[in-house]
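Okay, so here's the structure we're looking at.
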2 protein chains.
Amino acid sequence: MPGRLPASAAVFRPVRTRNAFEETVERLLQAIRLGVAAPGERLPAERELAARLGVSRVTLREAIRAVADAGYVESRRGRYGGTFVAEDLPSLPRPRRGATPTGAELEDVLTLRRVLESGAAESAAARSLSPAERQHLRGRLTGVAEVPRGEEAEYRRRDSRLHLAIAEVTASASLTTAVADIRTKVNELLDAIPLISANIEHSNEQHRTIVEAILSGDAPAARAAMDEHVGGTAALLRGFL
Amino acid sequence: MPGRLPASAAVFRPVRTRNAFEETVERLLQAIRLGVAAPGERLPAERELAARLGVSRVTLREAIRAVADAGYVESRRGRYGGTFVAEDLPSLPRPRRGATPTGAELEDVLTLRRVLESGAAESAAARSLSPAERQHLRGRLTGVAEVPRGEEAEYRRRDSRLHLAIAEVTASASLTTAVADIRTKVNELLDAIPLISANIEHSNEQHRTIVEAILSGDAPAARAAMDEHVGGTAALLRGFL
DNA sequence: GTGCAATGGCTCAGGGCTGATCCTTTGGAG
DNA sequence: CTCCAAAGGATCAGCCCTGAGCCATTGCAC
């Protein structure tokens, strides 16, 4: 019978985890934390954003209000107005929501993360990229490398943005979505541990290797490089949690 | 600005695609089509299922009603009653909803599918499986192999169930969920093309290779075998669509 | 300077969904 | 035979959310 097996849990999982308001808040924060909306940038206009998110303008506005109250965005009225990401983002007002994740939860995230990100790197390398795509990748790579020391939050955003860019150049929208989601979860885990500058330099080295492999169309190398990269993060997280 | 880039589309994608009723119907059908709920089996009681799906009993009942009207399930009252999957399932009353998918949509699904399923096979092989898990895998493998000729729908369900079992033994709930979802999409594509018996035998061969690699803990071999397997399906689909 | 288009701010009727409660049916336990 | 627990069947008040509309503000184009 379809009792409590994992497959049953997967199919009969909740249809709606949060309500529309909460989901919308999460999305806005996700956009900011993944660097998809960078500090100072303008979000799409409310009417458009509401349509894209599939929620009513009322609900979106409530969510924006909440995110604005927390200091992440700021709204300006009038033509050429809009909702802008704050230049100085709040520094992790995350009060360790819930206890540290259980070992199983951690492994769950890390497993999916490895599958998705290594798969994305391989898939990206297997395609023949357009000049625009190649430039996009290179741009994100230098973007991460250029972050000055101490700017940990900015580093994390650009790091996320590079990983997202790799998923983007696979040309698979659903893979990109999946990577964005798992990346959000990984970031939440990373926020709980200190960021060591030696790790950053090592990461940048690995980023370069990964992007080079993708750009040269070497799929196995891209996978291997990404595997090593996410393996490092996994070891770090397992150590601290 | 966060304009129309893929990453932006991923983060600002709709929060709620369908309404609760439609989502619930989809889940019930997914359970049946993936073989998670086999013909003749009883679904969880309404009160429990509603809780698991995170919808009200009213909504769940409406969904069950719809699925029952379509001939997929049957409800019986009284103690030891319940909602049972029909012994004889309707044969694809799917009237080609929408035109055939565009090339990009097809590639999107196939890309994510390859990433997830090959990654799952590799992850499964990399773990040390418990006796119960090993038996589970073997059972699903023989289950597919035993389907008599002509029972195409049953074959597809058991095939799905095997692929799901591989995801299950990775012990990653979110990977299992992701595989279940992509498998549902793949099945929809497969329903549009004829099932050739030569392909079935070839598939069974590949299934055996995959499971053997997983059981012997050979992660690279498991990935390679799954890669080849999903590659075959991909070629088939590209040819027909 | 004036007009105006684009944007955020606000309100309200109504539909969808929930959560609670009670009813009805059924078949095994005693 | 009777009881009753477990399951489906049904109803209703009320909240969440939508969709539509209108208002207020702003700064460029002319």
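Quantities reported herein were computed from a predicted structural model and do not represent experimental measurements. Note on naming: letters A, B, ... go to the chains in the order of the sequence lines (proteins, then strands), and numbering restarts at 1 for each one. The figures that follow rest on heavy atoms only: side chains count, while hydrogens, waters and symmetry mates do not.
- Across all their heavy atoms, E154(A) and P39(A) have their closest contact at OE1-CG, 4.4 Å.
- Here the P atom of nucleotide dG16(C) and the CZ atom of R61(B) are 19 Å apart, to the nearest Å.
- Between dA7(D) and S75(B), no contact under 4.0 Å exists linking OP1 or OP2 to a side-chain N or O.
- Side-chain proximity of V58(A) to dC12(D), dG19(D), dA10(D): nearest is dG19(D).
- To the nearest angstrom, P of dT18(D) lies 12 Å from CZ of F21(A).
- Remark: R79(A) is not in phosphate contact with dT25(D), judged by side-chain N or O atoms under 4.0 Å from OP1 or OP2.
- Look at CZ on R16(B): it is 12 Å from C1' on dT18(C), rounded to the nearest Å.
- The separation between E23(B) atom CD and dG16(C) atom P is 16 Å, rounded to whole Å.
- Taking side-chain N and O atoms only, R47(A) has no distance below 4.0 Å to OP1 or OP2 of dA6(C).
- The local environment of CZ in R134(A) is crowded, with over 12 non-hydrogen atoms from other residues, nucleotides or ligands closer than 6.0 Å.
- Rounded to whole angstrom, the span from the CZ atom of R77(B) across to the C1' atom of dC23(C) amounts to 8 Å.
- Looking at the side chain of A45(A), the nearest of the listed nucleotides dC17(C), dG8(D), dG8(C) is dG8(C).
- Protein atom CZ of R57(A) is 9 Å distant from nucleotide atom C1' of dC10(C), rounded to whole Å.
- The phosphate of dA7(D) (OP1 or OP2) has a side-chain N or O of R42(B) nearer than 4.0 angstrom.
- Rounded to an integer number of Å, the gap from R65(B) CZ to dA10(D) C1' is 12 Å.
- The only member of V144(B), L34(B), D191(B) that meets side chain to side chain contact (heavy atoms under 4.5 Å, CB included) when paired with R156(B) is D191(B).
- For the OP1/OP2 pair of dG8(D) and a distance below 4.0 Å, the side-chain nitrogens and oxygens of T83(B) include at least one atom meeting the criterion.
- In this structure, H163(B) and H207(B) have perpendicular ring planes: the angle between them is above 60°, well past the 30° mark.
- Following rounding to the nearest Å, E62(B) (CD) and dG8(D) (P) show an atom-to-atom distance of 16 Å.
- The residue among G81(A) and E22(B) whose nearest nucleotide of DNA chain C is located toward the 5' end is G81(A).
- Paired with T184(A) under the rule side chain to side chain donor-acceptor pair (under 3.5 Å), one option of Q30(A), R27(A), E26(A) passes, and it is Q30(A).
- Backbone-only engagement by R76(B) is indicated by non-hydrogen atom pairs under 4.0 Å involving sugar-phosphate atoms exclusively.
- Checking Y80(A) against S56(A), the closest nucleotide of DNA chain D that is more toward the 5' end is the one next to S56(A).
- Looking at the side chain of E46(B), the nearest of the listed nucleotides dC17(C), dT18(D), dG9(D) is dG9(D).
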